[in-house]
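Lettering of chains follows the sequences in order, A, B, ..., and the numbering in each one begins at 1. As a basis for the values below, the full set of heavy atoms in this structure was taken, side chains included, without hydrogen atoms, waters or symmetry mates.
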Number of protein chains: 2
Amino acid sequence: MESRNTSDLILHAALALFSEKGFSATTTREIAQKAGCAEGTIFRYFPTKKDILISLVRPHALEELRRVMDNLPRQGEEENLRLILENRLKTIMKNKSLIKVVLTEAQYHDELKDYLMENIASHVFDTLAAYLAERMEAGVFRKADPYIFARILVGMMASLLLSESFYPMEGFDEKKRGDYLNEIINIFLHGVLKKED
Amino acid sequence: MESRNTSDLILHAALALFSEKGFSATTTREIAQKAGCAEGTIFRYFPTKKDILISLVRPHALEELRRVMDNLPRQGEEENLRLILENRLKTIMKNKSLIKVVLTEAQYHDELKDYLMENIASHVFDTLAAYLAERMEAGVFRKADPYIFARILVGMMASLLLSESFYPMEGFDEKKRGDYLNEIINIFLHGVLKKED
DNA sequence: TGGATTCATGAGTGATTACTCACTTCCCAT
DNA sequence: ATGGGAAGTGAGTAATCACTCATGAATCCA
C-alpha cells in the first residue's frame with residue numbers, strides 16, 4: 001500500500017503539506033524534511049515544485065475517484081443507492097486530503113484544472129448523469145436535466161467534505177457522518193416536505 | 001458604492017488578485033501595481049500582508065452575507081422560499097470573489113477561520129436551522145436535525161459557486177443559473193422521485 | 001506666505017525561495 | 001575486492017519576497 005521508494009515518500013510528504021498549508025505556502029525544504037531526504041533529492045525526481053503538484057493527480061492516484069460513480073444500481077430500490085453511496089463516501093473520505101488539494105489548487109493552476117475536468121470530473125458527471133437519465137426514462141425519477149441533478153448530488157457530498165474541514169474535531173465522528181449522508185440521500189430522493197399520504 | 005480612498009483601492013486590488021492567484025502566490029508588489037500606488041503605501045494602511053486578507057472579511061464587508069438567511073418566510077408556501085432564495089443568490093453571486101477567497105484561505109489561516117465561524121457561519125446556520133425547526137414543528141417539513149438540513153442546503157448553494165468556478169464561461173449564463181437554483185429548491189423540497197399521486 | 005501635519009514614494013534590506021552542481025555513498029556484477 | 005553507474009547530498013546562487021525608511025509632495029490653518 002505505502003510504497004517506500006523516495007519518489008513516493010516525497011509525494012506523500014508534499015500531499016500532507018499542501019493540504020495543511022497550501023501549495024504556494026509550502027517550501028521544498030519542508031517537503032524534504034518531512035520526506036526524510038535532502039532538498040536536492042526532490043529535484044532528481046521532479047524538475048520543479050509544480051511538477052510535484054501535478055504528479056499528485058497523475059495516473060493512478062485519482063483512478064479510484066474517477067470511478068467513484070461507476071456501477072450504480074440499474075434497477076431496484078433506493079436502498080441499493082444508499083448502500084453504494086455510503087461505500088463511495090468512504091473512498092472520498094479516504095482521499096480527503098488529495099481532494100482538498102486538487103480542488104483548491106485547480107482554481108489557480110490551469111493544467112491541473114484542465115486535467116481534472118477532462119479526465120476525472122467529466123467521467124464522474126457523465127456516469128452519474130447517465131444513471132439519472134436512465135432512471136428518468138424508467139419513470140422512477142422525474143424528468144429534468146440530469147447534469148444539474150448530478151452536480152447537485154455531487155455538491156451535496158462535497159458539502160460534507162467542506163463541513164468536516166471547518167468543524168474539524170468537534171462532533172464529526174463516524175456516526176454523524178453517516179447521519180449526514182443519510183439525510184443527503186433522503187433529501188435527494190424525497191425532499192424535506194412531509195409526505196401527505 | 002466604490003470608495004476611492006487609498007485603503008479601499010488596496011483592498012479592492014488585493015481581493016481581485018487573491019481570488020485569481022491565491023493569497024500566498026500574490027505579492028505586495030502586484031497589489032500595489034493594481035491599486036495604482038507605491039508598495040510602501042500599502043504598509044501605511046496594513047502592517048502586514050496578512051492584515052490585508054483579514055481586513056477583507058472585517059466589519060461591513062461580510063455583513064450582507066451574514067444576513068443572507070435572515071427573514072425567511074415564517075408562513076406560506078414554498079413559492080416564497082423560492083423567490084427569497086433567488087434574491088439571496090444574487091447577493092452570493094455579487095460577492096463571489098470574496099466568498100471564494102475567504103473559504104479558500106480560511107482553510108489555512110486560523111484567525112480567518114475562527115472569525116468566519118463565530119461571526120458569519122454560525123449566524124447563517126443558526127438562522128436557517130431555526131427556520132427549518134419552526135417549519136418542522138409546524139408540520140410542514142419532516143422532523144430531523146435542522147442543522148444537517150441547513151448545512152445540506154448551504155452546501156447545495158455552494159455547489160453552484162463551485163460549478164461556476166470550474167465551468168467559467170461556457171454555459172453559465174443567467175438562465176442556467178436560474179435553472180440550477182430552481183432544481184436546488186425543487187430537490188430540497190420534493191426530492192427527485194416521481195410523485196405517485 | 002510659511003510652518004506643520006499628513007500622505008505617498010520607491011530604492012534599499014535582510015531573509016527566504018526554488019533550484020543547481022560538484023561531490024559522496026551505496027549497490028552489485030565481475 | 002573493485003570499478004562504475006545510480007541514488008542521494010547540502011552548501012551555494014541568483015532571484016524574489018515582505019517590509020523599512022529617509023525623503024518628497026500635498027494639504028491645511030494662521
Side-chain angles (χ1 to χ4, degrees), chain A residues 2-58 101-102 104-113 115, chain B residues 2-58 101-102 104-113 115:
Chain A
E2 304 227 337
S3 309
R4 280 283 152 248
N5 64 64
T6 307
S7 168
D8 285 346
L9 285 174
I10 292 168
L11 286 174
H12 189 77
L15 175 58
L17 288 165
F18 292 166
S19 169
E20 183 192 329
K21 323 178 46 169
F23 171 77
S24 284
T26 300
T27 69
T28 51
R29 167 190 282 257
E30 290 171 312
I31 296 171
Q33 274 173 354
K34 186 149 209 158
C37 70
E39 209 174 339
T41 306
I42 289 176
F43 296 94
R44 290 191 130 302
Y45 294 93
F46 306 97
T48 71
K49 179 183 156 190
K50 195 165 188 170
D51 285 301
I52 307 175
L53 177 64
I54 290 171
S55 296
L56 279 176
V57 20
R58 285 262 165 238
V101 170
V102 166
T104 302
E105 301 303 336
Q107 298 183 304
Y108 308 127
H109 307 277
D110 282 343
E111 320 93 292
L112 250 189
K113 172 158 29 186
Y115 182 86
Chain B
E2 303 226 339
S3 311
R4 281 282 152 247
N5 64 63
T6 308
S7 168
D8 284 348
L9 285 174
I10 292 168
L11 285 174
H12 189 77
L15 175 58
L17 287 165
F18 292 167
S19 169
E20 183 193 330
K21 324 178 44 169
F23 171 77
S24 285
T26 300
T27 70
T28 50
R29 167 191 282 256
E30 290 171 312
I31 296 171
Q33 274 173 354
K34 186 149 210 157
C37 70
E39 206 174 341
T41 306
I42 289 177
F43 296 93
R44 291 188 72 67
Y45 293 92
F46 307 96
T48 71
K49 179 182 158 192
K50 195 164 189 171
D51 284 302
I52 307 176
L53 177 64
I54 289 170
S55 295
L56 279 176
V57 21
R58 285 264 164 229
V101 170
V102 166
T104 302
E105 301 303 336
Q107 296 183 306
Y108 308 126
H109 308 277
D110 282 342
E111 320 92 293
L112 249 188
K113 171 157 28 184
Y115 182 86

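- Atom CD1 of A:I10 and atom CG of A:L56 lie 11.5 Å apart (nearest 0.5 Å).
- Summarising the geometry, atom CD1 belonging to A:I31 is positioned 9.0 Å from atom CD belonging to A:E39; distances are rounded to the nearest 0.5 Å.
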Given protein heavy atoms under 4.0 Å, the one-letter contact record of nucleotides 21-27 of chain C, with B base, S sugar-phosphate only and - none, is simply -------
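- Cation-pi contact between B:K50 and B:F23: absent, since separation from the ring centre below 6.0 Å together with deviation from the ring axis within 45° is not met.
- Although no hydrogens or angles enter the test, the distance criterion places no donor-acceptor pair under 3.5 Å between the side chain of B:S19 and the main chain of B:L15.
- Across the protein-nucleic acid pair, B:F46 atom CZ and C:dA8 atom C1' stand 15 Å apart, rounded to whole Å.
- The distance from atom NZ of B:K50 to atom P of D:dC17 is 19 Å, rounded to the nearest whole Å.
- The CD1 atom of B:I10 sits 12 Å away from the C1' atom of C:dT9 (whole-angstrom rounding).
- Among all heavy-atom pairs drawn from A:Y108 and B:G22, the shortest one is CE2-N, 3.5 Å.
- Residues from residues 18-30 of chain B that place a heavy atom under 4.0 Å from any atom of DNA chain C: there are none.
- With D:dG10, C:dT9, D:dC19 as the candidates, the nucleotide lying closest to the side chain of A:A38 is D:dG10.
- Considering only side-chain N and O atoms, A:T6 lies under 4.0 angstrom from the phosphate OP1 or OP2 of D:dG8.
- Contact annotation: B:T48 side-chain N/O to D:dA18 OP1/OP2 distance is not under 4.0 Å.
- Proximity of B:Y45 to the phosphate of C:dA8: a side-chain N or O atom is located under 4.0 Å from OP1 or OP2.
- Residues A:F46 and A:I54 fail the side-chain proximity criterion, which asks for heavy atoms closer than 4.5 Å.
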